[in-house]
Amino acid sequence: MPSSSSGSPASATLSSRLSASDPVRRLAGIGPKVAERLAGLGIESIGDVLLHRPLRYEDRSRVTPVAELWAHQAALAVVRVESSEIRQGRRRSLLVTVSDGAARLWLRFFHFGGAQQARLAPGTWLRIYGEPRSGAYGFEMVHPECEVVTDEAAGHDILPSLTPVYPTASGVTQARLRDMASQALSLLSHPDFWPEGLPTDLKGPVLKMSAERALRRIHQPPVDADLPALVEGRDPACQRLAFEELLGHQLGLRSRRRRIRADRAPALREAGRGLAPLFAGLGFSPTGAQRRVIGEILADMAADAPMLRLVQGDVGSGKTVVAAAALLTAVDNGWQGAFMAPTELLAEQHQLSLSRWLGPLGVPVWLITGRRKRDAALLAEIANGVPGVIVGTHALFQESLIFGRLGLCVVDEQHRFGVDQRLALRNKSGARQLTAHQLIMTATPIPRTLAMSAYADLDTSVIDEVPPGRTPIQTVAVPNTRREEVVVRIGDAVANGRQVYWVCTLIEVSDKLEAQAAEAAAEALSVALDGVRVTLVHGRMKSAEKATAMNAFKDGRIDVLVATTVIEVGVDVPNASLMIIENAERLGLAQLHQLRGRVGRGSVASHCVLLYQPPLSDTARRRLSALRETSDGFAIARADLELRGPGEVLGTRQTGAASFRIADLVRDADLAEAALAIADDVLVYHPREADILIERWTGAGGTYARV
Ligand code: ADP
Ligand code: MG
């Protein structure tokens with residue numbers, strides 16, 4: 001127990017030259033084994049120790065006389081060992097009789113060794129913390145925390161602060177974590193260890209608190225602290241650090257933006273023929289929102305600073321056409337355009353649509369994916385800078401692929417990629433001295449604060465209009481017990497010339513099991529629905545097989561497509577008007593919304609059946625009803641944010657923005673606003689603090705800040 005005011009003996013010997021970014025192994029008592037386990041908790045540096053927030057606190061600020069203990073009320077006592085013996089009973093245990101002079105208490109240990117027994121030799125003074133319960137002789141504490149102290153007085157010498165209980169992992173004890181925290185806290189008094197990162201001219205009691213005070217308060221709060229507030233992060237100390245963290249992230253993104261914007265990019269203006277031939281061949285007229293967003297993009301691309309633009313548009317809002325307009329402009333200027341999709345299936349589909357639209361205009365559209373065999377002649381053309389569109393998966397940023405004249409990168413469904421991946425493509429720009437324009441597209445509509453926090457490095461365009469003639473999707477939730485009715489409904493839809501998706505989902509993310517489930521479902525449907533043409537797409541199929549199945553479905557030669565969640569993003573078959581999602585209760589809201597977005601793309605009324613396995617958990621019920629009530633992506637995103645929290649909403653791979661350590665974008669929305677408001681000023685007027693904050697909170701030094 002670190003409640004002793006004598007502090008850790010090791011801390012006195014710590015070098016004053018330690019910095020918060022030094023590895024945790026530099027702390028006393030941390031060997032490679034423990035360091036490895038700590039890494040599993042996200043603790044790698046000494047600074048991480050300080051940012052590892054306690055889960056709760058225990059009041060060990062008072063010594064309770066043994067005679068005043070209450071059953072089931074954890075308490076701290078100072079006692080002396082009278083005797084100890086091994087009891088054989090049903091389970092072998094070590095029973096230690098202790099007393100504080102006025103009353104006796106028994107300590108029982110089921111796991112113990114010789115060393116433990118020796119440590120608890122008669123006459124030893126102990127400070128113990130545990131929960132008393134009635135035992136054979138009187139109160140007994142099972143496995144109390146025990147600290148050997150020199151004498152009774154030393155036992156009573158305790159800090160008047162609360163004791164933190166940390167999130168931990170196997171092999172890392174609370175005592176260890178507390179000792180590390182107090183070592184790290186003692187380093188805070190060295191001025192260079194944790195330089196202050198908030199400018200001193202900030203106003204208000206929260207922002208005026210020093211980082212040092214905030215950290216001390218979080219790890220060793222005074223007994224009168226408001227514990228629920230500390231635990232839930234509403235305490236001023238937590239708020240102070242949350243603000244600093246939000247600001248740090250914001251600064252990281254903005255400074256990166258500044259650096260990129262300082263590069264030069266090729267100015268790509270609308271070429272002679274303009275976009276008219278593209279629009280003429282579409283077979284539909286772009287919506288006002290699409291035209292406006294295309295205009296915003298072309299204005300960026302015409303400048304010689306790299307575009308950094310995010311296009312947000314709900315599922316089905318028609319982002320692909322917008323990308324096509326940008327890509328055509330790049331190629332018409334004699335440059336190459338890359339279009340990166342998160343899955344192979346989607347890359348293949350984009351290649352098809354783009355070829356259909358751009359091919360007739362003489363623009364080559366190539367496909368590069370990881371699985372496909374490389375065509376050396378094609379790679380050479382790309383390396384030589386032949387103008388054209390290169391569609392692909394993350395295989396696009398493999399080192400072996402060289403772009404001779406990359407003028408524009410489009411990243412589709414950004415939420416599937418991390419910030420680093422986005423940068424990797426940018427770095428491939430090929431043409432010396434010039435940086436490619438970046439266009440990021442996402443279908444995950446997210447609330448403003450979240451968007452600003454996650455994409456502060458990007459300008460934003462919103463496609464806030466869906467193409468006309470769409471009918472809203474009717475969504476129903478049906479228990480699995482009524483599966484047969486659903487199958488009948490599929491038969492009816494097919495008889496009426498409609499096409500159907502049947503989506504299989506599994507809890508375990510195993511391609512293999514998911515593929516098996518899909519195969520079984522396809523088999524069952526073919527048997528149940530005589531004469532209905534059923535086929536299958538899953539992640540374990542070869543890409544040629546997948547493409548064949550998708551194309552057959554697209555061309556109307558297949559009625560029912562049984563698929564795994566590989567079809568989640570982007571797949572587009574307007575005649576499909578019924579979707580069944582199996583085990584819908586297992587999926588998150590955003591994913592369900594994405595999946596459902598595969599239907600409702602044509603003019604016929606569409607339906608989505610959420611087939612669930614009862615009983616439903618409370619959250620699952622709320623998810624399904626949110627989905628039934630609305631198909632507005634923004635409303636769904638808000639519900640999602642409330643149900644899951646921002647880290648999950650943005651996807652775990654959204655490194656940087658979503659994984660806050662202290663801040664919580666829902667709870668701290670007002671702090672996030674405040675951080676957004678001052679970020680630019682801090683960059684300009686407080687560059688030293690900005691550097692400190694970026695380094696501390698974004699782990700800069702990697703690609704994140706230094707690009
Ligand atoms: P998303 O924004 O989800 O990527 P897509 O680009 O896949 O959407 O477009 C969805 C469907 O809508 C496609 O079939 C596309 O051809 C069609 N589409 C796009 N824009 C329009 C429009 N203005 N009018 C009619 N259909 C459109
Ligand atoms: Mg799309």
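Being a predicted model, the structure only gives us computed values, none of them experimental. Start at 1 and go down the list; that is how both ligands and their atoms are numbered.
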For Thr320, atoms of ligand 1 separated by under 4.0 Å from a heavy atom
4 (O), 5 (P), 6 (O), 7 (O)
Within a distance under 4.0 Å of any heavy atom of Gly318, pick out the atoms of ligand 1 and give their elements.
1 (P), 2 (O), 5 (P), 6 (O), 8 (O), 9 (O), 19 (C)
Salt-bridge present (Arg261, Asp459; N to O < 4.0 Å)
no
Is it true that atom CD of Gln474 has more than 12 heavy atoms of other residues, nucleotides or ligands lying nearer than 6.0 Å?
no
Are Ile473 and Met579 side-chain neighbours, meaning at least one heavy-atom pair lies under 4.5 Å?
no
Would Pro574 count as being in polar contact with ligand 1, using the rule that some N or O on each side must be under 3.5 angstrom apart?
no
Would Arg623 and Ser617 count as a side-chain hydrogen bond (donor to acceptor under 3.5 Å, both in side chains) here? Give the steps.
CA-CA 10 Å; Arg623 274 202 299 267; Ser617 74; 5.5 Å; no
Out of Gln312, Lys319, Met441, which residue meets the side chain to side chain contact (heavy atoms under 4.5 Å, CB included) rule with Ile463?
Lys319
Measuring from the heavy atoms of Ser285, does anything fall under 4.0 Å of ligand 1?
yes
Could you tell me which atoms of ligand 1, counted from 1 in the order shown, lie closer than 4.0 angstrom to a heavy atom of Thr287?
23 (N)
Would you mind listing which atoms of ligand 1 come within a distance below 4.0 Å of any non-hydrogen atom of Val315?
3 (O)
Under 4.5 Å between any side-chain heavy atoms of Val331 and Leu358, yes or no?
no
For Asp314, is the nearest heavy atom under 4.0 Å from an atom of ligand 1?
yes
Tell me whether ligand 1 is touched by Ser317 - counting only heavy atoms on the residue side and a distance under 4.0 Å.
yes
Distance filter under 4.0 Å to Pro286 heavy atoms, resulting ligand 1 atoms
23 (N)
Output the list of atoms in ligand 1 that are nearer than 4.0 Å to some heavy atom of Pro467, sorted by atom number.
20 (N), 21 (C), 22 (C), 24 (N), 25 (C), 26 (N), 27 (C)
Indicate whether the side chain of Ser631 and that of Arg596 have a donor and an acceptor atom separated by less than 3.5 Å.
no
Gln290-ligand 1 polar pair, N/O distance under 3.5 Å:
yes
Ligand 1 to Gly316 polar contact by distance, N or O atoms, under 3.5 Å
yes
Main-chain N/O of Glu582 paired to Thr505 side chain as donor or acceptor, under 3.5 Å
yes
